[in-house]
Amino acid sequence: MKYWDEKFETMSVDAMRDFQFTQFKKTVNWVYEKIPFYKNKLDDLGFKPNDIKSLGDLAKLPFTVKNDLRDNYPFGLCAVPIQDLVRIHASSGTTGKPITGPYTADDLEQWTVCMARNMTAAGVRSNDIIQNAYGYGLFTGGLGFHQGASKIGAAVVPTSSGQTERQITIMQDFKTTVLFSTPSYALTIAEKAAQMGVDMKSLPLRVGVFGAEPWTVEMRKEIEERMGIKAHEAYGLTELGGPGVAFDCEAQDGYLHVNEDHILIEIIDPVTGEVLPLGQKGELVFTAIQRQAMPLLRYRTRDITSIKQEKCSCGRTLVKMEKVYGRSDDMLIISGVNIFPSQIESLLLDQKEVEPQYVIIVKKKGYLDTLEVHVEAKPAVYEAGAEMIKGAEQKIENHIKGMIGIGIKVRLVAPGTITRSEGKAKRVIDERKL
Ligand code: DLL
């Protein structure tokens, strides 16, 4: 079976728009009736739910931003009484109050179906043994993937993240065929296996579904190579119910299918808020059209991407969004040039002298912001001594300068000295804020 939900995954664009319109109208009525925050916002605009005549009216609605969720913590944006909730997740974020993700039983079922689509597209089947190394707990990764895997009838091993040696032992003993984790933790597992003398390529593991943080195509290839697997992707966020928002398919063309029967997608100019045309990069904005507990209108994710609408070689018609390489908050501006940490990752990963373990340090020198990249040297390079290291640093600095036009200091550090990730990797240390 190639699709989990053939009807929705391969629906004609016209039929999808009709379906979305019905759901969209229902949702706006629902939030207007049930959530005073939205009623007030729409009243302020003089907009009534019955004014909605087409999907184009979406652009007339107000945005919802992260601070709206924080200001209404914990249940101010909840459309149902607490007794109707069956689950509450939360994301800690980096600053301020956490963000809550409440679910009714129906929300939970829909989320599970979206996860089953994601896994089916990645080639996961009911006879697989899945090691789920996303963190279980408030984070949506652990339970979201668990539910999807149970739905398709596979055997889930709920290892959660961490205890990396044990992950590898279990992988050998249980003959795990599928791994779920963040990409950075997958790399940590591959490295630990090598240290333990385990050849991952000889294990039955064949597929990984990775996400929850930006990772480049180069990183995907690195993981595929080290583990001898096909690495697929999951994208999502707590505010929209967790993973299951978008997923890649066999085409692996750097784009992810969006579950657009559940979520309307727009790309806006992050400064003006104007909706951008297909193909143009901007901030991703989502409207949930099937959720009961917390259906957000025009939620600004801060993730930067673009969208394209074309039938995919996999047969799915679901709109595609480009892989997210970063959030607007993570963008660094150095000498007037905008850079995402993931661009640096791409440039480092094709350098043979270094390992894919790096951290970017942002400093202030006088009035200027500067970047320093610390990347682990391959053991042979490190052992060859100072001259070899200096030469490699110089070469990588030139490579980066040639590609993005700015001077970045590169330091090769000793193998094993950069903190390994067990969840979302911390790639940037901003010393300006220390
Ligand atoms: O990270 C949900 C998730 C769990 C997605 C497991 C995939 C797999 P949050 O902790 O709320 O939720 O973080 C959401 O993480 O806005 C993006 O900035 C980033 N993110 C998530 N998936 C990807 C991805 C989960 N595939 C935030 N590529 C989002 C790039 C991603 N960034």
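These numbers come from the heavy atoms of this one structure, side chains and all, not from hydrogens, waters or symmetry mates. One-based numbering, in listed order, for ligands and for the atoms of each.
- Both the backbone and the side chain of Leu237 come within 4.0 Å of ligand 1, judged by heavy-atom distances.
- Counting heavy atoms from C-beta on, the side chains of Asp128 and Val207 never come closer than 4.5 Å.
- Summarising the contacts of atom 1 (O) of ligand 1 with Lys424, Glu239, Lys323, Arg327, the nearest heavy atom is found in Lys424.
- Looking at Asp430 and Arg432, a side-chain N of the basic residue comes within less than 4.0 Å of a carboxylate O on the acidic one, giving a salt bridge.
- Side chains of Lys363 and Lys409 form no contact here, defined as non-hydrogen atoms less than 4.5 Å apart.
- Residue Ala234 approaches ligand 1 through these ligand atoms, each under 4.0 Å from one of its heavy atoms: 7 (C), 22 (N), 24 (C), 26 (N).
- A salt bridge between Lys230 and Glu250 is absent, with no side-chain N of the basic residue lying under 4.0 Å from a carboxylate O of the acidic one.
- Proximity annotation for atom 8 (C) of ligand 1: of Ala212, Ala246, Gly242, Ser181, Ala212 comes nearest, heavy atoms only.
- For ligand 1, none of its N or O atoms has an N or O atom of Trp215 under 3.5 Å away.
- In summary, Lys66 and Glu239 engage in a salt bridge, as defined by a charged side-chain N under 4.0 Å from a carboxylate O.
- Protein heavy atom closest to atom 4 (C) of ligand 1, with residue, atom name and distance, is Phe139 CZ, 3.6 Å.
- Comparing heavy-atom distances from atom 5 (C) of ligand 1 across Ser342, Gly244, Gly326, Gly236 singles out Gly236 as nearest.
- Trp111 places a side-chain heavy atom less than 4.5 Å from the side chain of His89.
- With respect to the salt-bridge test (charged N to carboxylate O, under 4.0 angstrom), the residues Arg117 and Glu260 do not qualify.
- Remark: Thr305 engages no residue in a side chain to side chain donor-acceptor pair (under 3.5 Å) (not counting sequence neighbours).
- The distance from ligand 1 to the heavy atoms of Gly141 drops below 4.0 Å at these ligand atoms: 4 (C), 6 (C).
- Taking the six-membered ring wherever Trp is involved, the centroid distance between the rings of Phe145 and Tyr134 falls below 6.0 Å.
- When non-hydrogen atoms are compared, ligand 1 lies under 4.0 Å from the side chain of Tyr134 (C-beta onward) but not from its backbone.
- Those atoms of ligand 1 with a heavy atom of Glu233 less than 4.0 angstrom away are 24 (C), 26 (N), 28 (N).
- Distance OG1/Thr177 to CD1/Ile229: 11.0 Å, rounded to 0.5 Å.
- Within ligand 1, the atoms closer than 4.0 Å to a non-hydrogen atom of Tyr235 are 22 (N), 23 (C), 24 (C), 26 (N), 31 (C), numbered from 1 in the order shown.
- With atom 18 (O) of ligand 1 as the reference point, the heavy atom nearest to it among Val245, Ile304, Asp303 is part of Asp303.
- At a heavy-atom distance under 4.0 Å, no atom of Tyr325 approaches ligand 1.
- When only non-hydrogen protein atoms are considered, atom 28 (N) of ligand 1 lies nearest to Glu213 O, 3.3 Å.
- Contacts between Thr140 and ligand 1, counted as non-hydrogen atom pairs separated by less than 4.0 Å, involve the side chain only.
- Qualifying side chain to side chain contact (heavy atoms under 4.5 Å, CB included) partners for Asp303, counting only residues two or more places apart in sequence or in other chains: Tyr235, Leu284, Thr301, Val324, Arg327.
- Residue-to-ligand polar distances place Thr238 within reach of ligand 1: an N/O pair is separated by less than 3.5 Å.
- Of all atoms in ligand 1, listed by their number and element, those nearer than 4.0 Å to a heavy atom of Phe145 are 6 (C), 8 (C).
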